[in-house]
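This report refers to the structure that appears directly beneath it.
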Amino acid sequence: MVKAIRVHRPGGPEALQLEDVELAAPGPGEVQIRHRAIGVNYIDIYRRTGAYPAEYPFVPGHEGAGQVTAVGEGVKEFEEGDRVAYVGALGGYSEARNIAAESVIHLPKSLSYEQGAVMMLKGLTAHYLLRRTFRVKKGHRVLVHAGAGGVGQLLCQWASALGAKVIATVGSPAKAEIARKAGARDTILYREENFAERVNEITRGRLCDVVYDGVGRATFPASLDCLKPFGMFVSFGSASGPIEAFDMGLLAQKGSLYATRPSLFNHTARRGDYEDMAEDMIHAIKRGHLTIDPPESFPLAEAEKVHAALESRQTAGSMVLIP
Ligand code: NDP
């Protein structure tokens, strides 16, 4: 038996219940990991509320780091005692779990378990958004919504390290400071200011090459007004709710724009891509393009409190649960 947080029906943070659950030996192709740190992500909220479907009961959490304690049949790349990190199937909010070895990478000694537990889902998301979805280059003007958030700060850092001019929207002056430290040249308090007008002013009418939007409903369609002709709108999340169906003709009206709704899980579906992306990200960390700050830590039993803070916009940066 191990302690784990389970969800039995969709609901608010109180739906997260600490329970004892069975942990079988790892199956073929699986490893068993004793968690040392577990990443908390906005997707965990979509799962808890039922916005993203899951079979009940389930243990939330897609990201973590720890030590391998057992390996299943056919697993050659890992052995007991290895330090590892992963992004993968549900089951993260637990003392220990089994997971497909395909989802796991070796955690370099230079990175702590806490860093490992936040760099996989958020860091790899920043990677594919900046290197695969739209290849950010020196001189690009980039708008990052929620620039002080977990993914947001990594986007600000890495895009500015690539030579882009980053504008970040943020929910408060304190978050503006955080986004600036992360690399944003300009910040916009989008709860008070009209962000599309401000982007127009800041860029002197030249607008942005790309908008990275994890906020969704609240920033659409104004985000399209921040793009220059042929610019790229990347909708990668919906913290404020999903974007409603819209007429594709809008993209023509706003300047023959491109729009995409990517998911990390498509990008990491092939092991070779996953390994390349992780290697690239770790290289960016070593070069100082990406800094994975030690995240705020909370006991696993406080998952409810952490979810309440995340969805009420009180947090900045990354958080981990410690079992
Ligand atoms: P964040 O730390 O960014 O938290 C969400 C932030 O969104 C808040 O802090 C808040 O920042 C902002 N926000 C704006 N409106 C709302 C609202 N109505 N309710 C709550 N928050 C709001 O979370 P993550 O870093 O975990 O994730 C960021 C986004 O990236 C999410 O949408 C997530 O789903 C998405 N994501 C997508 C992936 C993909 O592959 N498609 C992979 C990983 C993450 P502020 O106060 O500054 O407005």
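The chain is numbered in sequence order, starting from 1. Values reported hereafter were calculated over all heavy atoms of this structure, with side chains retained and with hydrogens, waters and symmetry mates removed. Whatever order the structure lists them in is the order used to number ligands and atoms, beginning at 1.
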**Q.** Nearest candidate to atom 22 (C) of ligand 1, where distance is taken over non-hydrogen atoms, out of R313, H145, M319, R191
**A.** R313
Q: Find all atoms of ligand 1 within a distance of less than 4.0 Å from any non-hydrogen atom belonging to S238, and give their numbers and elements.
A: 32 (O)
Q: Could you check atom 11 (O) of ligand 1 against the protein and tell me its nearest heavy-atom contact, residue, atom and distance included?
A: K175 NZ, 3.6 Å
Q. Does E114 come within less than 4.0 Å of R36, counting only side-chain N to carboxylate O?
A. no
Q.
Under 4.0 Å, heavy-atom basis, I'd like to know which part of V40 is in contact with ligand 1: side chain, backbone, both or neither.
A. neither
Q: Answer side chain, backbone, both or neither: which part of F265 comes under 4.0 Å from ligand 1, heavy atoms only.
A: neither
Q: Specify the protein heavy atom at minimum distance from atom 2 (O) of ligand 1: its residue, its atom name, and the distance to 0.1 Å.
A: G150 N, 2.9 Å
Q: Could you list the atoms of ligand 1 found under 4.0 angstrom from a heavy atom of Y128?
A: 39 (C), 40 (O), 41 (N)
Q: Identify the protein heavy atom lying closest to atom 31 (C) of ligand 1, giving its residue, its atom name and the separation to 0.1 Å.
A: Y46 OH, 3.5 Å
Q: Could you tell me whether P262 approaches ligand 1 through its side chain, its backbone, both or neither, with non-hydrogen atoms closer than 4.0 Å?
A: backbone
(Q) Using a strict threshold of under 4.0 Å (side-chain N to carboxylate O), is an ion pair present between K3 and E95? (A) no
Q: Scan L121, D293, V118 and name whichever one has a side chain to side chain contact (heavy atoms under 4.5 Å, CB included) with S318.
A: V118
